[in-house]
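Computed over heavy atoms, backbone and side chain alike; hydrogens, waters and symmetry mates excluded.
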Amino acid sequence: MKIVIVGGVAGGASAAARLRRMDEQAEIIMLERGAYISYANCGLPYYIGGEITEKSALTLQTPERFHQRFGIDVRVNQEVVSVDPTGKTVLVKDGKSGETSSLSYDKLILSPGAMPIVPPIEGADDPRVFTLRNIPDTYRIHEYIQEHKPKTAVIIGGGYIGVEMAENLVRAGVQVTVVERSAHLIGPLDSDMASDVHSYLKKKGVGMILSNGVIKFHSKEDGLHVILEHGELDCDFALMSVGVRPDTAFLQGSGIERNQRGQIQTNEFMQTNFPDVYAIGDAAEIRHFQTGQPGFIPLAGPANKQGRLVADHICGKARSYSGTQGTSILKLFDMTVAATGLKEEAAKAAGFDCDKVYLWTASHATYYPGATNMQIKVVFELGTGKILGAQIVGMDGVDKRIDVLASAIRGGLTGEDLTELELAYAPPFSSAKDPVNMIGFMIQNLIQKNVKQHHYHDVPDLQKRDDITLLDVRTEAEYQRGHIDKAVNIPLDDLRQRLGELDGSKPIYINCQSGLRSYLASRILTQHGFPCSHLAGGYRLYQVIAQDSATDFSPTHPCGVPV
């Protein structure tokens, strides 16, 4: 059997290696348009920032090593320019000579990946406007910084690559401003969770211009003048990081079905409408694991799994792809940002009747040195308590919790199930009741109606009402440092002795700093006959969101940039 693989990075290399492990006799040819295979796409920003110092660390395999280990015919600088699925051939263009030749196959695996989106912006062809997708891009940016010693940069796009590059350019000594068309950075997050990210980046001196976009680059001798939809600014160079699109234009006229985005459409076995042609990775349309709807989630993990699955299917071991849930994680200086499953707005758009819980918690036992806090948001289905999605922003321990919650989503677990998880505990690593258990307890309490909650976005309407009481159960010192307007202060430890100060005919809306003391207050008041609700996430979350909403993210004062 002769198998041709188009693309030699995550999905393609994974498929090739698995094919050889399953079939020693198969003829396997891997065609890669560039000069590198199986390279560390996700590590590219860290070479620019100096965290990775050796070029060789970016290439996980060379064509020579791959051939020696797996006996696979790896051909680099070979671009597939067209596919004839009826005749079972591909037309290949040699990147050096420009000559084309036809190559036949029995099975074809398409893994061409995605390419950066470069909007039709005037001036974007200036050599000081970069994109970052592969190793040559990385070298160009690194060499430019080393040669020209730029002082300022503008990053267009505040997704994962954009903010990773912001960190690494700062580490390289560059003052960075991120321009993002949306109202917040990092699309996989809801806006409430992005508020902590904005606050942190501001402290790190990273400028942010939100709800704005670039319409023109004006080239100057000493840099670029960037004209925005609202305002303008100057920089030495710019990086376009507004997203990627499937690199599938070469399939035009082939008859292989694609959607409007350009993704190759497949069945549950990653087969196209031609059964001997498969598609995997960023170029393939996926089904979301939870909604069953088609989507575009370009991640290395799913691409590798799809490559393995397709290899097994070709070798007669049929397995179906169950879908992608979008688990992702990001290092941002010392902060970690992670998400999995459906964020709140996506869950609601998909028709789920859902609510959310917030937990502000330490990464491990607080009596053991070095504990740091993290903010966790979990979206769950009302009625069933089924976990739909999770987002975590913090320092240590974020990766551990997001992986447990990702597994919970994959297994269809509920909040009740989270309470029963037996997770590893020792003081340097966790608490006896792990944050994941605590999330379960919170959902369990809501499902069992032991407590009622309201959210930060409910507060403005509550402040307008005269038929309720806003109650702050923090200490007097905490209250004096800042509080919700119109809230009266009765510290939790005094609450039982001061119940007579509360009007039992009015519903009481309670807040503390993080949500724990307000929950305890709710249990006290409920059992004394007071109707009450507590503020999910507490005053801390309310305050950081309020401060974020009041921040000026315009070009006249890009948040985080010294002025």
Looking only at heavy atoms, which two atoms of [X] and [Y] are closest? And how far apart?
X: Asn168; Y: Pro45; value: CG-O, 3.1 Å
X: Glu285; Y: Gln263; value: CA-NE2, 3.3 Å
X: Pro558; Y: Ile209; value: CB-CG1, 3.6 Å
X: Val178; Y: Ala166; value: CG2-CB, 4.1 Å
X: Leu418; Y: Leu405; value: CD1-CD2, 4.0 Å
X: Cys354; Y: Ala347; value: SG-CB, 4.0 Å

Any donor-acceptor N or O pair under 3.5 Å, side chains [X], [Y]:
X: Tyr519; Y: Asn445; result: yes
X: His198; Y: Asp548; result: yes
X: Glu232; Y: His225; result: yes
X: Arg540; Y: Gln513; result: no
X: Ser322; Y: Arg410; result: yes
X: Gln453; Y: Asp355; result: yes
X: Glu416; Y: Thr414; result: no
X: Ser191; Y: His184; result: no

With side chains defined as the heavy atoms from C-beta onward, is the minimum distance between [X] and [Y] less than 4.5 Å?
X: Ile376; Y: Tyr358; value: no
X: Leu541; Y: Trp360; value: no
X: Arg181; Y: Asn212; value: no
X: Pro188; Y: Tyr160; value: yes
X: Thr526; Y: Val451; value: no
X: Val129; Y: Phe237; value: no
X: Ile392; Y: Gln375; value: no
X: Leu342; Y: Thr291; value: yes

Between [Y] and [X], is the closest basic N to carboxylate O distance under 4.0 Å?
X: Glu476; Y: Arg481; value: no
X: Arg401; Y: Asp434; value: yes
X: Glu164; Y: Lys331; value: no
X: Lys377; Y: Asp192; value: yes
X: Arg498; Y: Glu501; value: yes

Might you work through the side chain to side chain contact (heavy atoms under 4.5 Å, CB included) test for Asp234 and Val226, ending with a clear yes or no? CA-CA 6 Å; Asp234 293 307; Val226 186; over 6 Å; no
**OP:** Carefully, step by step, assess Thr340 and Gln325 under the rule side chain to side chain donor-acceptor pair (under 3.5 Å).
**Re:** CA-CA 6 Å; Thr340 186; Gln325 71 189 61; 2.9 Å; yes
| said: Is the terminal nitrogen or CZ of Arg287 (NZ for Lys, CZ for Arg) located under 6.0 angstrom from the six-membered ring centre of Tyr321 and within 45° of that ring's axis? | reply: no
**Message:** Would Lys204 pass as a cation-pi partner of Phe333, given that its NZ or CZ must be under 6.0 Å from the six-membered ring centre and within 45 degrees of the axis?
**Reply:** yes
**OP:** Give a yes or no on whether Lys400 atom NZ has more than 12 heavy-atom contacts from other residues, nucleotides or ligands under 6.0 Å away.
**Re:** yes
Donor-acceptor contact present, side-chain Asp236 to main-chain Lys151, <3.5 Å: yes
- Item | Donor-acceptor contact present, side-chain Lys506 to main-chain Thr469, <3.5 Å | no
Side chain to side chain contact (heavy atoms under 4.5 Å, CB included) with Leu495: of Leu520, Ile510, Leu525, only one passes, and it is Leu525
Practice item. Give the ring-plane orientation class for His483 versus Tyr479, where under 30° counts as parallel, over 60° as perpendicular and anything between as tilted. Key: parallel
